[in-house]
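Before any comments, here is the structure.
All residue numbers in this chain count up from 1 along the given sequence. As a basis for the values below, the full set of heavy atoms in this structure was taken, side chains included, without hydrogen atoms, waters or symmetry mates.
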Amino acid sequence: MKYLGIDIGGMSVKCGVVSRDGSLLFKDAAPIRAGEADTEIVKDIAALAEDVLRKSGTDKSEICGVGIGCPGSVHDEKGVVRYSCNINFRNTPIVDMMKSLLNVEVVKVSNDANCAALGETLFGAGNGAENSVLVTLGTGVGTGIVVDGKLLTGNCSAGAEGGHIQINIGGATCGCKKRGHYEAYASATALISQVSEACAKHPDSLLAKYALEHGVDGKTVFTCAQMGDAVASETLQRYIEYVGAGLVTFANIFFPEVIIIGGGISNQGESFVKPLQKYVSENVYGAEYNPEIKVVAATLRNDAGIIGAAALCF
């Protein structure tokens with residue numbers, strides 16, 4: 001049994017042929033014309049899907065379903081993308097449009113973080129857990145929640161927006177323009193801002209000198225902390241506490257078997273995940289009486305969204 005998984009991003013769209021066991025058999029990508037009319041964007045996505053079928057030598061009759069992951073507010077049951085801030089989708093009936101363009105019967109859609117969570121839980125770092133939370137740390141913070149083996153999406157599929165829990169009333173401005181949200185402290189964007197602020201306060205530090213020479217990205221503070229710079233270590237520790245605070249909140253509400261960390265920062269591996277594990281283990285409610293919640297790095301990387309989108313149809 002084969003499925004198509006489509007992962008829509010702000011810069012490109014990825015599409016792949018996925019087997020029932022989660023194997024990614026073939027994939028390709030294409031740029032997205034995010035500012036065009038939604039009808040044109042969806043036509044481009046359908047064209048990519050057709051290309052993937054052709055290039056992979058897959059007959060459309062072999063495809064049991066097409067799953068789509070899309071950033072933004074998605075109504076799964078209605079098959080509508082209500083709003084996506086970086087793509088010109090406004091109440092776009094993407095499921096019906098794709099059914100018509102591809103001439104297929106089964107098309108499903110969900111938020112992209114939900115799809116990544118499903119992919120990682122079924123076939124990646126979640127290792128088949130029945131209850132998991134995926135937290136992706138990128139430009140923003142995306143979350144996907146699996147409870148009893150099923151995605152938890154809330155009323156009208158508008159829930160599971162963990163990046164917008166409030167951790168500091170009146171605090172830093174979030175990407176959504178409101179203040180004090182988790183995303184404003186735990187995203188890669190926030191980390192870069194925190195590092196830049198630390199460099200400005202401590203211009204003689206190794207961190208500041210390294211940043212001046214190499215620029216600042218999500219790896220900068222890790223590199224300088226490993227080199228023994230005290231300012232970098234302090235900045236990193238504060239960031240870990242910000243990230244950890246959100247993870248503890250998710251742990252206390254859902255108590256999953258595993259919390260999966262995705263996004264580019266997860267590539268730092270044990271130097272990031274290990275202190276997060278310690279923070280969660282020490283701060284979750286009733287820790288001494290309950291099973292330990294594992295904190296792990298995502299393993300499917302950029303393929304999680306494709307595989308998880310396909311899994312919507314399993």
Side-chain angles (χ1 to χ4, degrees), residues 2-18 24-116 118-119 136 138-140 142 144 153 156-158 161 163 175-177 189 302-313:
K2 297 179 181 178
Y3 303 80
L4 280 183
I6 298 172
D7 184 15
I8 302 173
M11 301 293 289
S12 66
V13 182
K14 293 175 288 186
C15 178
V17 179
V18 181
L24 183 56
L25 306 177
F26 181 87
K27 67 175 179 178
D28 202 356
I32 187 169
R33 298 184 294 161
E36 293 291 326
D38 59 358
T39 52
E40 296 305 307
I41 298 171
V42 178
K43 284 180 183 177
D44 288 348
I45 295 170
L48 172 62
E50 295 279 11
D51 280 347
V52 165
L53 290 172
R54 178 176 52 81
K55 291 177 181 177
S56 65
T58 306
D59 191 274
K60 194 177 294 184
S61 64
E62 298 178 66
I63 298 299
C64 299
V66 178
I68 305 168
C70 183
S73 180
V74 181
H75 197 309
D76 298 18
E77 291 185 5
K78 290 186 176 181
V80 172
V81 181
R82 286 180 294 238
Y83 170 71
S84 187
C85 59
N86 296 315
I87 304 170
N88 194 24
F89 285 159
R90 303 292 185 272
N91 290 316
T92 300
I94 191 168
V95 163
D96 286 343
M97 294 167 77
M98 289 291 285
K99 282 182 177 180
S100 176
L101 289 166
L102 293 177
N103 192 27
V104 295
E105 293 184 6
V106 180
V107 179
K108 295 187 178 182
V109 67
S110 191
N111 173 269
D112 58 342
N114 290 342
C115 291
L118 192 59
T136 58
T139 304
T153 59
C156 298
S157 313
E161 292 290 349
C176 71
K177 309 305 180 186
T189 304
N302 292 330
D303 294 335
I306 298 174
I307 295 170
L312 293 173
C313 301

Backbone N/O of V13 and side chain of D7: donor-acceptor pair under 3.5 Å | no
Inter-residue atom distance C70.SG - I45.CD1, 0.5 Å rounding | 7.0 Å
When rounded to the nearest 0.5 angstrom, what is the spacing between NZ in K27 and CG in N302?
-> 6.5 Å
side-chain contact (heavy atoms from CB on, under 4.5 Å) filter on K2, not counting sequence neighbours, yields V17, L25, T58, E62, I63
Hey, does the side chain of S73 reach the backbone of R82 with a donor-acceptor pair shorter than 3.5 angstrom?
-> no
E50 side chain near K60 side chain, heavy-atom distance below 4.5 Å = yes
Got a second to check how far I32's CD1 is from L48's CG, nearest 0.5 Å?
-> 10.0 Å
Do I87 and P71 have side chains that get closer than 4.5 Å, going by heavy atoms?
-> yes
Looking only at heavy atoms, which two atoms of N88 and D38 are closest? And how far apart?
-> O-CB, 3.4 Å
Taking all heavy atoms of C115 and all of G69, pick out the closest pair and write down the distance.
-> SG-CA, 3.6 Å
Would you name the heavy atoms of G65 and C313 that are closest together and state the gap between them?
-> C-SG, 3.9 Å
Which residues share a side-chain contact (heavy atoms from CB on, under 4.5 Å) with A46, sequence neighbours left out | M98, L101, L102
Within a reach of under 6.0 Å around CD of E40, are more than 12 heavy atoms found that belong to other residues, nucleotides or ligands?
-> yes
Output the distance between atom NZ (K78) and atom OG (S157), rounded to the nearest 0.5 Å.
-> 10.0 Å
Set of side chain to side chain donor-acceptor pair (under 3.5 Å) partners for S110, sequence neighbours left out | D76, N114
Of all heavy-atom pairs between L4 and A49, which one has the smallest distance, and what is that distance?
-> CD1-CB, 4.0 Å
Does the side chain of N111 come within less than 4.5 Å of T153's, by heavy atoms?
-> no
Should we count CG of N103 as having more than 12 external heavy atoms under 6.0 Å?
-> no
Minimum side-chain heavy-atom gap V42-I94 below 4.5 Å = yes
Distance from D44 atom CG to R33 atom CZ, nearest 0.5 Å?
-> 4.0 Å
Excluding sequence neighbours, so at least two apart, what forms side-chain contact (heavy atoms from CB on, under 4.5 Å) with A311?
-> L118, L122, F314
Does the side chain of D112 come within less than 4.5 Å of I8's, by heavy atoms?
-> no
Hits for salt bridge (charged side-chain N to carboxylate O under 4.0 Å, His left out) against K99, two or more places apart or cross-chain, chain-then-number order -> none
Mind checking what makes salt bridge (charged side-chain N to carboxylate O under 4.0 Å, His left out) contact with R54, not counting sequence neighbours?
-> D51
